[in-house]
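Notes to accompany the following structure.
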Amino acid sequence: MNKYLEDAKKFLGKATSTVVEKSGEVYSTAKLSLKISKLKSEAEECYKKIGEIVYANYKGNEVSGDEAETLCAQIEKIYNEIDGISAKLAEIKGTAICPNCGSEVKKDSSYCAKCGTEM
């Protein structure tokens with residue numbers, strides 16, 4: 001009977017550890033995914049402002065191109081941050097990111113299932 005209880009304790013201990021670990025992974029991936037969504041919204045705002053500048057110039061309102069250049073640099077910075085977060089997400093999930101199309105690919109895959117790029 002004692003052996004049975006010891007085995008049950010070990011099993012429950014391992015199961016609890018696994019649940020805690022997995023819940024931590026879920027929390028981390030949700031947090032990182034939310035950050036990516038926020039960054040994409042920021043990029044969309046920059047695109048919108050660039051569009052307004054282009055349209056103002058089209059209508060003959062002289063608008064400085066410096067603001068558009070600054071916004072483009074901001075977009076580049078945002079997408080670099082998104083790439084870093086995506087890499088962290090892939091690491092947590094045990095996947096890789098295709099260097100060509102950005103899709104998640106199984107870590108042991110030789111080629112991307114979406115675009116065929118060699119991994």
Side-chain angles (χ1 to χ4, degrees):
M1 183 78 164
N2 248 355
K3 173 77 171 135
Y4 176 75
L5 289 175
E6 285 298 317
D7 289 346
K9 276 184 178 178
K10 286 179 186 177
F11 176 77
L12 287 174
K14 286 180 185 178
T16 302
S17 265
T18 301
V19 167
V20 168
E21 183 181 316
K22 290 294 179 187
S23 64
E25 287 177 14
V26 168
Y27 174 75
S28 294
T29 57
K31 187 176 173 182
L32 292 173
S33 295
L34 185 61
K35 178 70 174 172
I36 288 173
S37 292
K38 182 181 175 194
L39 288 168
K40 285 182 177 180
S41 292
E42 289 176 22
E44 288 298 319
E45 273 301 309
C46 290
Y47 284 126
K48 181 181 171 189
K49 290 176 185 175
I50 291 169
E52 290 169 357
I53 292 168
V54 169
Y55 185 71
N57 280 331
Y58 169 78
K59 292 298 272 180
N61 302 330
E62 291 298 318
V63 180
S64 170
D66 293 342
E67 187 179 352
E69 193 171 320
T70 301
L71 289 166
C72 287
Q74 180 66 28
I75 291 169
E76 188 70 23
K77 181 180 172 188
I78 288 169
Y79 279 110
N80 285 336
E81 190 172 349
I82 288 172
D83 289 345
I85 294 170
S86 295
K88 285 180 189 175
L89 268 173
E91 186 178 319
I92 290 169
K93 293 178 178 180
T95 60
I97 301 294
C98 174
N100 184 51
C101 70
S103 295
E104 280 189 20
V105 179
K106 291 181 182 178
K107 202 142 188 116
D108 60 350
S109 295
S110 299
Y111 296 92
C112 174
K114 187 171 184 181
C115 72
T117 298
E118 189 172 356
M119 297 298 292

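Everything numeric in this text was worked out from a predicted model, so none of it was measured. Quick note: numbers below take in every heavy atom, side chains included, and nothing from hydrogens, waters or symmetry partners.
Annotation: side-chain hydrogen bond (donor to acceptor under 3.5 Å, both in side chains) contacts involving residues 105-119, sequence neighbours excluded, comprise Asn100-Thr117. Applying the side-chain hydrogen bond (donor to acceptor under 3.5 Å, both in side chains) definition to pairs two or more places apart or across chains, those involving residues 79-94 are Lys93-Glu104.
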Result block: side-chain N/O donor-acceptor pairs under 3.5 angstrom for residues 50-59, not counting sequence neighbours:
| from | atom 1 | to | atom 2 | distance (Å) |
| --- | --- | --- | --- | --- |
| Asn57 | OD1 | Val63 | N | 3.0 |

Could you go through residues 31-45 and list every donor-acceptor pair under 3.5 Å that involves a side-chain atom there, pairing it with any protein atom two or more places apart or in another chain?
| from | atom 1 | to | atom 2 | distance (Å) |
| --- | --- | --- | --- | --- |
| Ser33 | OG | Thr29 | O | 2.9 |
| Ser37 | OG | Ser33 | O | 3.3 |
| Ser41 | OG | Ser37 | O | 3.3 |

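In this structure, Met119 and Cys112 approach most closely via the heavy-atom pair CG-N, 3.9 Å. The two atoms that bring Cys98 and Cys101 nearest to each other are SG-N, 3.4 Å, heavy atoms only.
Atom CG in Asp66 sits 11.0 Å away from atom CG in Leu71 (nearest 0.5 Å).
When the side-chain hydrogen bond (donor to acceptor under 3.5 Å, both in side chains) test is applied to Lys77, no partner is found at least two apart in sequence or on another chain. Applying the side chain to side chain contact (heavy atoms under 4.5 Å, CB included) criterion to Ala90, with sequence neighbours excluded, gives Thr95, Ile97.
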